[in-house]
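Chain naming here is simple, since letters A, B, ... match the order of the sequence lines and numbering starts at 1 in each.
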Number of protein chains: 2
Amino acid sequence: MLMSKPVQQRTLRTRAKLLDVAETLVREAGYEALRVEEVVARAGVAKGTFFAHFRDKDALMEILIGQELDALLTQAGALPAPADIAGICARLLPVHGFMTCERYVFDLILRYSGAAAVTEIGPIAMSFDRYATLVTGWMPAGDYRRDVDDTLLAEGVQAFAVQSMGLQFCALHQAQSFQDRFETYLAAWLTPAV
Amino acid sequence: MLMSKPVQQRTLRTRAKLLDVAETLVREAGYEALRVEEVVARAGVAKGTFFAHFRDKDALMEILIGQELDALLTQAGALPAPADIAGICARLLPVHGFMTCERYVFDLILRYSGAAAVTEIGPIAMSFDRYATLVTGWMPAGDYRRDVDDTLLAEGVQAFAVQSMGLQFCALHQAQSFQDRFETYLAAWLTPAV
DNA sequence: TATATAAAATGACCACGGTCAATAAAAAAA
DNA sequence: TTTTTTTATTGACCGTGGTCATTTTATATA
């Protein structure tokens, strides 16, 4: 059984303040430019306090990015399932757009998309799971292959999304746009014509 | 036209020494543990010298990892094309094994797998290209789908390899081994049975 | 209310990647 | 050879993430 140790009001206020400042700074200059020193300066606390609230800088980043992803996934899941591949691409566009808004963000998402340990599944790993679940739920709504199960199909969609996003940052492959590439992959993956 | 500016012997010696020391240190304690300060200390040069030879620490890392990948890809390409999916998995095993030998290595490879700019295609991006080309060449040798072209198939193989490797680091998905997962993906990708 | 105990905050300090004006060494020109 | 110019090296210094013994504040106890 877990004992919920008492949490002081002070703790909640400090943490909220830190998150609030961090969000503001990100809005002002993006994720990559965020500096822990500036967060604590604006929040009016000592640097050590920051690390008493967050394991490291990435942990804060994970929270900020995770909640953004979460909001976008909620939006994507709010409407009825898209009926075809173009619909899937369109529906996921905001999610992918955010994931690639900054090189830094994309790298961080990739790095934390897998949970490091069962006991500490971070916000980004959670979002990745939600992504897969969401897409799995869309599979029955379209005219796609039925020879493999929907979970596997969804994992494939995710893999191709990552591939497409990665190539978007690659100067060698910028002839094709992200949407085109993603749609081509999905057509081959979801509707093979053998 | 390019002018090949004269290079002093000294330069080559210093650079070789730095690379040599770095390789030794990696062999001793792995990639993640490598410290620039230790490289320069053992090489007997100043820290600034290091950065006169390599843009940053990652650039050195790219060289070290890139040449390893290159060697492994050469090996994988030396034999005749594998005839089936199990053969492909087996043949790529050493490559994937190296890519996942350290979390740090995997992350770095992902980060540099796309060339940042056309003019500076790093060793890792080169290796990724070689990987795709190699696999493309294997496609005609097996009984796989023919409805999409081999380049696309190879890109898919790569995407699924990355997906499988990523999940290997994820505590949530460690029930299935990398090889099993990869083979499942490839079966669904290369031999759809609609 | 005074005292003991636990939780939170502090800031000096460290590790380590990276910079740059100054210097030394090599190559080219006189 | 001596002088000039180019190239390579140096190491003090900086930015920034992260640590930890100490101090402050809040809560429980007498």
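Going from atom CZ of Arg15(A) over to atom P of dA9(C) covers 12 Å, rounded to whole Å. Nucleotide dT25(D) holds its P atom 18 Å from the CD atom of Gln9(A), rounded to whole Å. Summarising the geometry, the separation between CZ on Arg10(B) and C1' on dA8(D) is reported as 4 Å, rounded to the nearest angstrom. The distance from atom CD of Glu37(B) to atom P of dC13(D) is 16 Å, rounded to the nearest whole Å. Rounded to an integer number of Å, the gap from NZ of Lys17(A) to P of dA9(C) is 14 Å. Rounded to an integer number of Å, the gap from Gln8(A) CD to dA26(D) P is 8 Å.
Every residue two or more places apart in sequence or in another chain was checked for a side-chain hydrogen bond (donor to acceptor under 3.5 Å, both in side chains) with Asp84(B), and none qualifies. Applying the side-chain hydrogen bond (donor to acceptor under 3.5 Å, both in side chains) criterion to Thr74(B), with sequence neighbours excluded, gives Arg130(B). Listed by chain and residue number, Gln67(A) satisfy the side-chain hydrogen bond (donor to acceptor under 3.5 Å, both in side chains) test with Glu23(A) (two or more places apart in sequence, or in another chain). A search for side-chain hydrogen bond (donor to acceptor under 3.5 Å, both in side chains) contacts involving Glu102(B) returns nothing, not counting sequence neighbours.
In this structure, the side chains of Tyr112(B) and Phe128(B) stay at 4.5 Å or more apart for every pair of heavy atoms.
No donor-acceptor pair under 3.5 Å is formed between the side chain of Arg42(A) and the backbone N or O of Val21(A). A donor-acceptor contact shorter than 3.5 Å links the side chain of Lys57(B) to the backbone of Leu34(B). A donor-acceptor pair under 3.5 Å is formed between the side chain of Arg91(A) and the backbone N or O of Ala76(A).
Near DNA chain C, meaning a heavy atom under 4.0 Å away, the residues from residues 41-57 of chain B are Lys47(B), Gly48(B), Phe51(B), Asp56(B), Lys57(B). Of all the residues in residues 18-36 of chain A, Leu34(A), Arg35(A), Val36(A) reach under 4.0 Å from DNA chain D with at least one non-hydrogen atom.
An OP1 or OP2 oxygen of dA8(D) is reached within less than 4.0 angstrom by no side-chain nitrogen or oxygen of Thr14(B).
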